[in-house]
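As structure tokens, the structure follows; a few thoughts come after it.
Positions are given from 1 along the sequence. Numbering of ligands and ligand atoms starts at 1, following listing order. When reading the values below, keep in mind they use all heavy atoms of this one structure, side chains included, and skip hydrogens, waters and symmetry mates.
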Amino acid sequence: MAHKIAVIGGDGTGPEVVAEGLKVLKAVAKKYKFEYTLKEFDFTGKRYLKTGKLVSNEDVEELKTFDAIYLGAVGDPDVKPGIIEHGVLLKLRFALDQYINLRPVILYPNVYTPIRDKGPAEIDFVVVRENTEGLYVGTGGYLKKGSPDEVATQVSVNTRKGVERCLRYAFEYTRKRNKRKQLTLVGKTNVLTYAWDLWERAFHEIGQKDYPDIKREYAHVDATCMWFVKNPEWFDVIVTDNMFGDIITDLGAMIQGGMGIAAGGNINPEGVSMFEPIGGSAPKYTGQNVINPLAAIGAMQMLLEELGESKAAADVEKGIKYACTQMKSMSAGKMGMGTREVGDLVAANL
Ligand code: IPM
Ligand code: MN
């Protein structure tokens, strides 16, 4: 059966990097003789400005019939911040119940890291970010808005079910990854004593009972930022909540060579998952053939893995690693070649 893939190019440089990922998909599909169909969805800031439309409930229902979703980027400088983020990206994550945000932090050979004296052997871990709860649920409100006595609250929602399914995914992932078999809970138990108490109790209960082979560690989120720079080799798999996961994976992206190479997956293990480069839409680079497509190609690698095309995924990684040896830098405009040339290079070296 052909894999049914939904494609959301999105805003800014999204469509350009997605085009390179699709180029690589075409090449591996030919090599491994699998079929796929693509359908594009126009969920962009431009369309919103023209029609007021974002992602509708009908769109969500249609997307549920696909095997995977491939996303470029969201965010248009002409639209007020928050509208597309909520109306497209968060809408899809929540409506499709993609409760895991999986973000590998891997330094490939020949890629520059600002962390001196650390190489590919030291920078190789994965962040499992809870993706449907925490501060992202939008619970809260105003009191006396606009007055000098204004109060704004933004509540972090952590359910036992939501925390538990995320933790279980992380434990399973750590076991399957089979490296150091070490799972680190990243939180803030010293200050946020309700939410992180729930996380910590569930972490140890589940770990003790069902994953005795996995070593459990805990680190505060602020200290984790320090360790990412000082001792990244300390980590194997990290599990954390939505907000902390958002923040630490930007730092993770930087130590693995930048936003140009950082990929991620929004995963619903029982449903439809969505794969994307973790950087934004980079509006100032749009249409110039200068943006790095490796993050989007890495997202395609994760998508192929999800579809069960493991050999094809491994080949895409090989192609990415080869491209890294030929590129001058991972940064937009400094790669020593264009967006399309990087895509060609990966596709030709699978
Ligand atoms: C990310 C992004 C999103 C997030 C934004 C665009 C809503 O920063 O995918 O990390 O905060 O999750
Ligand atoms: Mn982010």
- Query: Does at least one non-hydrogen atom of L89 fall below 4.0 angstrom from an atom of ligand 1?
  - Reply: yes
- Nearest non-hydrogen protein atom to atom 1 (C) of ligand 1, with distance, is R103 NH2, 3.4 Å
- Between Q256, K179, R180, which is the residue that forms a side-chain hydrogen bond (donor to acceptor under 3.5 Å, both in side chains) with D124? K179
- Between D315 and Y32: side-chain donor-acceptor atoms closer than 3.5 Å: yes
- Message: For a ring-ring contact (aromatic ring centres under 6.0 Å, His included) check, start with the C-alpha distance between F244 and W196, then their side-chain angles and the critical distance, and finish with the verdict.
- Response: CA-CA 12 Å; F244 290 167; W196 287 102; 5.6 Å; yes
- Check the surroundings of atom CZ in R175: do more than 12 heavy atoms from other residues, nucleotides or ligands lie under 6.0 Å from it? yes
- Based purely on interatomic distance, does D246 place a nitrogen or oxygen under 3.5 Å from a nitrogen or oxygen of ligand 1? yes
- Task: Return yes when R93 approaches ligand 1 closer than 4.0 angstrom through a heavy atom, no otherwise.
- Result: yes
- Item | Side-chain donor-acceptor contact under 3.5 Å, E20 with T339 | no
- For a side-chain hydrogen bond (donor to acceptor under 3.5 Å, both in side chains) with R129, tell me which candidate from D241, T240, N242 qualifies. N242
- With no hydrogens and no angle check, do the side chains of T174 and E172 hold a donor and an acceptor under 3.5 Å apart? no
- Item | R129: numbered ligand 1 atoms lying under 4.0 Å from its heavy atoms | 1 (C), 4 (C), 10 (O), 11 (O), 12 (O)
- Query: Is atom NZ of K31 surrounded by more than 12 heavy atoms (other residues, nucleotides or ligands) closer than 6.0 Å?
  - Reply: yes
- Query: When you check the space around the Mn ion (ligand 2), which protein N, O or S atoms turn up under 2.8 Å?
  - Reply: D246 OD1
- Query: So is M243 close enough to ligand 1, meaning a heavy atom under 4.0 angstrom away?
  - Reply: no
- Task: State whether the shortest distance between N or O atoms of E85 and N or O atoms of ligand 1 falls below 3.5 angstrom.
- Result: no
- Item | Qualifying residue for side chain to side chain contact (heavy atoms under 4.5 Å, CB included) with H3, from L25, L307, T37 | L307
- For atom 11 (O) of ligand 1, find the nearest protein heavy atom and state the residue, atom name and distance (0.1 Å precision). Y136 OH, 2.6 Å
- Item | Flag if over 12 foreign heavy atoms under 6.0 Å of OH, Y142 | no
